[in-house]
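Input: a single structure, listed below in structure tokens.
FYI, side chains are in, hydrogens and waters are out, and symmetry mates aren't considered; it's all heavy atoms of this structure.
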Amino acid sequence: MSKSESIGKLISILHRKSHIYFQKELEPLGMGRGHVKIFSYLAHKPGATQQELTSYFKLDKGTISYLIKKMSEGGYVRREPDPEDRRSYKLFLTEKAEKKEKEIRKIFNGWTELLLENFSKDEQKQAFQIMERMIKNVSFLNEN
């Protein structure tokens with residue numbers, strides 16, 4: 001491997017390209033990448049609070065609040081007072097959001113398919129294994 005080769009550079013390029021892809025694909029749904037992260041979290045953990053989202057995504061309260069507000073205005077999230085803490089709200093996906101889940105999953109699957117296009121089944125398996133090993137190699141790093 002030469003000094004000019006950089007896996008980090010390649011990962012960075014893929015990361016930027018993923019932003020372009022997801023922005024283009026999610027725009028017709030009135031959503032962005034940040035919205036989809038929250039969408040996915042609430043799909044798996046209905047009734048989560050903004051504080052839980054802030055902790056999970058390591059984002060500031062203002063950013064989460066803004067994303068929730070936009071999703072609420074778009075009809076994707078509803079807020080219900082938390083019966084245990086009247087200062088807090090539990091968040092749920094709306095029926096409109098649940099209907100979009102299949103489309104959003106299709107967009108994410110499309111990205112994976114695009115990345116692995118023209119790869120054999122063995123190469124696809126190897127790609128996942130290699131990426132998982134890379135992640136394991138840096139798992140000691142904290143996300144703080």
Mind listing the side-chain donor-acceptor pairs of residues 23-43 below 3.5 Å, one per line with the distance, residues two or more places apart or on another chain?
unit_1, atom_1, unit_2, atom_2, d
R33, NH1, S18, OG, 3.4
H35, ND1, G32, N, 2.8

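- Atom CZ in R87 sits 11.0 Å away from atom CD in Q51 (nearest 0.5 Å).
- Counting only distance, with no hydrogens or angles, the side chain of S72 and the backbone of R78 share no donor-acceptor pair below 3.5 Å.
- Between F128 and L116 there is a side-chain heavy-atom pair separated by less than 4.5 Å.
- Note that CD of Q124 is 10.5 Å distant from CG of L115, once rounded to the nearest 0.5 Å.
- Taking CG from L14 and NZ from K17, the interatomic distance works out to 9.5 Å, rounded to the nearest 0.5 Å.
- Interatomic distance, S88 OG to R79 CZ, rounded to the nearest 0.5 Å: 9.0 Å.
- Q129 CD: more than 12 foreign heavy atoms inside a 6.0 Å radius.
- There is a path of hydrophobic side-chain contacts, each under 4.5 Å, that joins I130 to I7.
- Heavy-atom contacts from other residues, nucleotides or ligands closer than 6.0 Å to OH of Y89 number 12 or fewer.
- Taking 4.5 Å as the limit, every side-chain heavy atom of L53 sits out of range of all side-chain heavy atoms of L67.
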Could you give the side-chain donor-acceptor pairs of residues 101-110 under 3.5 Å, partners two or more places apart or in another chain?
unit_1, atom_1, unit_2, atom_2, d
E101, OE2, R105, NH2, 3.4
N109, ND2, R105, O, 3.4

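- Rounded to the nearest 0.5 Å, atoms CD (Q50) and CG (L59) are 12.0 Å apart.
- Considering every non-hydrogen atom in both R86 and P81, the closest pair reads NH1-CB, 3.6 Å.
- Nearest approach of W111 to F22, heavy atoms of both residues: CB-CZ, 3.7 Å.
- Judged by the 6.0 Å and 45° rule, K100 forms no cation-pi pair with Y76.
- Judged as a salt bridge (charged side-chain N to carboxylate O under 4.0 Å, His left out), not a single pair has a partner in residues 117-136 (not counting sequence neighbours).
- Contact annotation: the side chain of Y21 approaches that of L114 to within less than 4.5 Å [non-hydrogen atoms, C-beta and beyond].
- Considering only residues two or more places apart in sequence or on other chains, K90 meets the salt bridge (charged side-chain N to carboxylate O under 4.0 Å, His left out) condition with none of them.
- With rounding to the nearest 0.5 angstrom, the CD1 atom of I68 is 14.5 Å from the NZ atom of K61.
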Starting from the C-alpha separation in whole Å, work towards a yes-or-no answer on side chain to side chain contact (heavy atoms under 4.5 Å, CB included) for T49 and T54. CA-CA 9 Å; T49 63; T54 300; over 6 Å; no
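- Heavy atoms from other residues, nucleotides or ligands lying under 6.0 Å from CD of E84 number 12 at most.
- Evaluation of the salt bridge (charged side-chain N to carboxylate O under 4.0 Å, His left out) rule for D82 yields no partner, not counting sequence neighbours.
- Applying the salt bridge (charged side-chain N to carboxylate O under 4.0 Å, His left out) test to E113 and every residue at least two apart in sequence or in another chain returns nothing.
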